[in-house]
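Data first, discussion second: the structure below is written as structure tokens.
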There are 2 protein chains.
Amino acid sequence: MEDYNDKQLSIITVAERLFAEKGFHGTSVRDIAQEADVNIAMISYYFGSKDKLLEAVFRLRMNASRAFINELVQNDTMAPLEKIYSLIDRFINKMLNEQNFQCIMSREQLNKEQSPIRDLIWQLKGEMLGLMRPIVTNAQDAGIFATDVDVEMLMTTLFGTIHQTIPAQHLLRTNTAYAHMNDQEFKEYLRLRLSNHLKKLFKAILTHEF
Amino acid sequence: MEDYNDKQLSIITVAERLFAEKGFHGTSVRDIAQEADVNIAMISYYFGSKDKLLEAVFRLRMNASRAFINELVQNDTMAPLEKIYSLIDRFINKMLNEQNFQCIMSREQLNKEQSPIRDLIWQLKGEMLGLMRPIVTNAQDAGIFATDVDVEMLMTTLFGTIHQTIPAQHLLRTNTAYAHMNDQEFKEYLRLRLSNHLKKLFKAILTHEF
DNA sequence: GTTTAAATTAAACGTTTGTTTAACTTTGCT
DNA sequence: AGCAAAGTTAAACAAACGTTTAATTTAAAC
């Protein structure tokens with residue numbers, strides 16, 4: 001069901017990048033076809049329509065996200081705070097590794113009229129919450145975490161901070177002292193800074209320690 | 001320069017809402033004309049083009065944001081933490097009162113190719129940072145705030161958490177126990193919850209107290 | 001080697017897009 | 001009242017859109 005050939009994957013990858021950069025309606029199938037170096041008709045031939053191409057992008061990345069979540073369920077030996085730290089780091093890595101898709105999600109979740117894609121996004125966030133909440137509540141019951149924590153809001157802060165960091169990158173790269181770094185260095189710098197900030201934040205609010 | 005008649009304001013308001021709901025490219029000038037109950041040609045007549053209509057929306061709200069920022073500079077008698085609290089509350093109120101515009105900003109800041117609008121957005125964020133940073137550093141010098149705080153990241157968390165809350169509303173309203181509230185009640189509930197969460201977060205990270 | 005299906009193409013399809021035109025109406029001023 | 005400017009309209013414009021067609025090439029199976 002999810003095995004695409006090279007040409008199909010090329011179309012999906014290019015579409016993902018352009019949708020992220022210019023938005024779904026801001027990207028034409030001709031743009032995609034040209035950058036992917038395929039005939040326009042191939043997009044309809046393989047995916048049926050532009051809408052279904054977006055759906056294909058989502059199906060591909062969503063499956064990866066599902067696998068990502070299921071992988072996080074493990075690691076029961078860790079202390080609660082270590083679990084949270086692990087969750088933060090893995091989440092940051094995931095975000096930085098699929099920025100284009102995260103961009104599309106940021107855009108699509110703003111659409112007011114409900115769509116299958118919008119539903120999928122919030123379903124995924126719900127699963128992330130379902131992963132984080134028991135860690136927190138269990139630690140609360142054990143007297144390790146503070147009890148006055150709004151887990152949904154904490155999740156919103158995690159998502160929001162990371163999503164907000166994505167567009168901020170372009171500004172940092174051009175306007176500041178980080179211009180001398182290459183892409184890999186900058187990405188690593190950003191990863192570390194985000195990680196430190198979020199861990200500090202979560203530790204403070206969850207454990208009341210520093 | 002910024003005095004629009006009723007019809008122009010109607011067009012701007014409708015355009016702002018539709019751009020927020022469906023995106024700039026997802027909204028046609030015919031949609032706008034129809035919902036604003038004006039002839040299509042009036043949009044070009046008044047604003048020149050669809051692009052310049054978006055610019056008009058931005059100019060209008062940006063000016064309000066500038067005024068908002070300048071207003072925040074006052075209140076020098078407050079304690080540092082109270083200043084931060086005030087900033088958080090005013091910021092939340094602003095966000096909730098102009099959700100459509102904030103939606104457009106969320107979308108536009110994702111566009112990779114630079115534009116006058118994208119520049120304006122980050123300029124505005126820079127001004128917000130310039131407002132928050134001295135409060136924090138002064139309090140740090142006075143020994144009131146902790147010194148290991150990443151102010152840019154804290155700003156990102158503030159923006160990100162609130163921006164992330166906007167799309168989350170539609171989900172909450174339809175899927176949860178808050179369906180019985182009317183719009184005003186729900187808005188107030190959300191305002192309070194956001195406020196509590198962010199104040200707790202900022203107090204913990206800035207003062208190491210609870 | 002022939003046959004059948006899949007892949008690929010250039011061209012054309014009918015809409016919808018943003019914008020402009022030209023005619024007409026209203027408004028405000030002397 | 002008469003006139004000029006501003007406002008308003010339906011219609012038309014070319015360009016771009018997503019999609020389809022029909023013809024051709026490539027690949028696979030027998």
Side-chain angles (χ1 to χ4, degrees), chain A residues 1-60 104 107-108 111-113 115-118, chain B residues 1-60 104 107-108 111-113 115-118:
Chain A
M1 187 161 191
E2 300 292 349
D3 47 342
Y4 297 112
N5 62 39
D6 289 354
K7 202 162 239 177
Q8 288 170 313
L9 271 178
S10 166
I11 293 173
I12 289 182
T13 307
V14 169
E16 185 183 41
R17 195 185 80 244
L18 294 182
F19 289 160
E21 291 177 359
K22 313 196 288 180
F24 178 74
H25 291 292
T27 305
S28 72
V29 292
R30 282 170 178 82
D31 290 337
I32 300 170
Q34 189 179 350
E35 295 220 19
D37 199 32
V38 301
N39 190 280
I40 316 176
M42 296 305 292
I43 292 174
S44 292
Y45 178 72
Y46 276 133
F47 299 98
S49 69
K50 189 189 177 189
D51 285 87
K52 288 187 184 159
L53 172 56
L54 176 61
E55 280 185 43
V57 173
F58 260 82
R59 261 198 304 278
L60 193 68
I104 298 177
R107 282 201 153 98
E108 291 298 319
N111 291 350
K112 261 199 172 172
E113 50 184 302
S115 67
I117 284 174
R118 219 187 69 119
Chain B
M1 186 160 196
E2 299 292 350
D3 46 344
Y4 297 112
N5 61 38
D6 289 354
K7 201 161 240 176
Q8 287 170 313
L9 272 178
S10 166
I11 293 173
I12 289 182
T13 308
V14 168
E16 185 183 42
R17 195 185 79 243
L18 294 183
F19 289 160
E21 291 177 359
K22 313 196 288 180
F24 178 74
H25 292 291
T27 305
S28 73
V29 292
R30 282 170 179 82
D31 291 338
I32 300 170
Q34 188 179 349
E35 295 220 19
D37 200 32
V38 300
N39 189 281
I40 316 177
M42 295 306 293
I43 292 176
S44 292
Y45 178 71
Y46 276 132
F47 300 97
S49 69
K50 189 188 176 189
D51 285 86
K52 289 185 183 160
L53 172 56
L54 176 61
E55 280 185 44
V57 173
F58 260 82
R59 263 197 303 279
L60 192 70
I104 299 177
R107 283 200 153 98
E108 290 299 319
N111 290 349
K112 261 199 172 172
E113 51 184 299
S115 67
I117 285 176
R118 219 188 69 120

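Per chain, numbering begins at 1; letters A, B, ... match sequence-line order.
Between the CZ atom of B:Phe47 and the P atom of D:dT8 there is a distance of 12 Å, given to the nearest Å. In this structure, B:Leu54 atom CG and C:dT19 atom P are separated by 12 Å, rounded to whole Å. Rounded to whole Å, atom P of C:dA6 lies 13 Å from atom CD of A:Gln8. Protein atom CD of A:Gln34 is 14 Å distant from nucleotide atom P of D:dG18, rounded to whole Å. The distance from atom CE of B:Met42 to atom P of D:dT8 is 4 Å, rounded to the nearest whole Å. One can place CG of B:Asp6 at 11 Å from P of D:dT8, the figure rounded to the nearest angstrom.
Counting any heavy atom pair closer than 4.0 Å across all strands shown, A:Tyr46 reaches sugar-phosphate atoms only and no base atom.
Taking 4.5 Å as the limit, every side-chain heavy atom of B:Tyr45 sits out of range of all side-chain heavy atoms of B:Asn39. Contact of the A:Phe47 side chain with the A:Gln8 side chain is registered, since non-hydrogen atoms from C-beta on lie closer than 4.5 Å. At least one side-chain heavy atom of B:Phe58 sits less than 4.5 Å from a side-chain heavy atom of B:Ile104. Contact of the B:Thr27 side chain with the A:His25 side chain is not registered, since no non-hydrogen atoms from C-beta on lie closer than 4.5 Å. Residues B:Glu55 and B:Ile117 have side chains in contact (heavy-atom distance under 4.5 Å, counting atoms from C-beta outward).
Listed here is the closest heavy atom pair of A:Glu108 and A:Arg118: O-CG, 3.9 Å.
B:Lys50 forms a cation-pi arrangement with B:Phe24, by the criterion of a distance under 6.0 Å to the ring centre and an angle within 45° of the ring axis.
In the displayed structure, B:Asn5 atom CG is contacted under 6.0 Å by more than 12 heavy atoms of other residues, nucleotides or ligands.
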Extract from the structure each pairing of a protein N or O with an N or O of nucleotides 19-27 of chain D at less than 3.5 Å, listing the distance.
from	atom 1	to	atom 2	distance (Å)
D:dT19	OP2	A:Lys50	N	2.8

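For B:Ser28, the side-chain atoms get nearest to C:dG18 when compared with the rest of C:dG18, C:dT8, D:dT8.
Residues of residues 13-25 of chain A that place a heavy atom closer than 4.0 Å to DNA chain C do not occur.
Across A:Ile32, A:Asp6, A:Val29, A:Val57, a single residue satisfies side chain to side chain contact (heavy atoms under 4.5 Å, CB included) together with A:Ile11, and that is A:Ile32.
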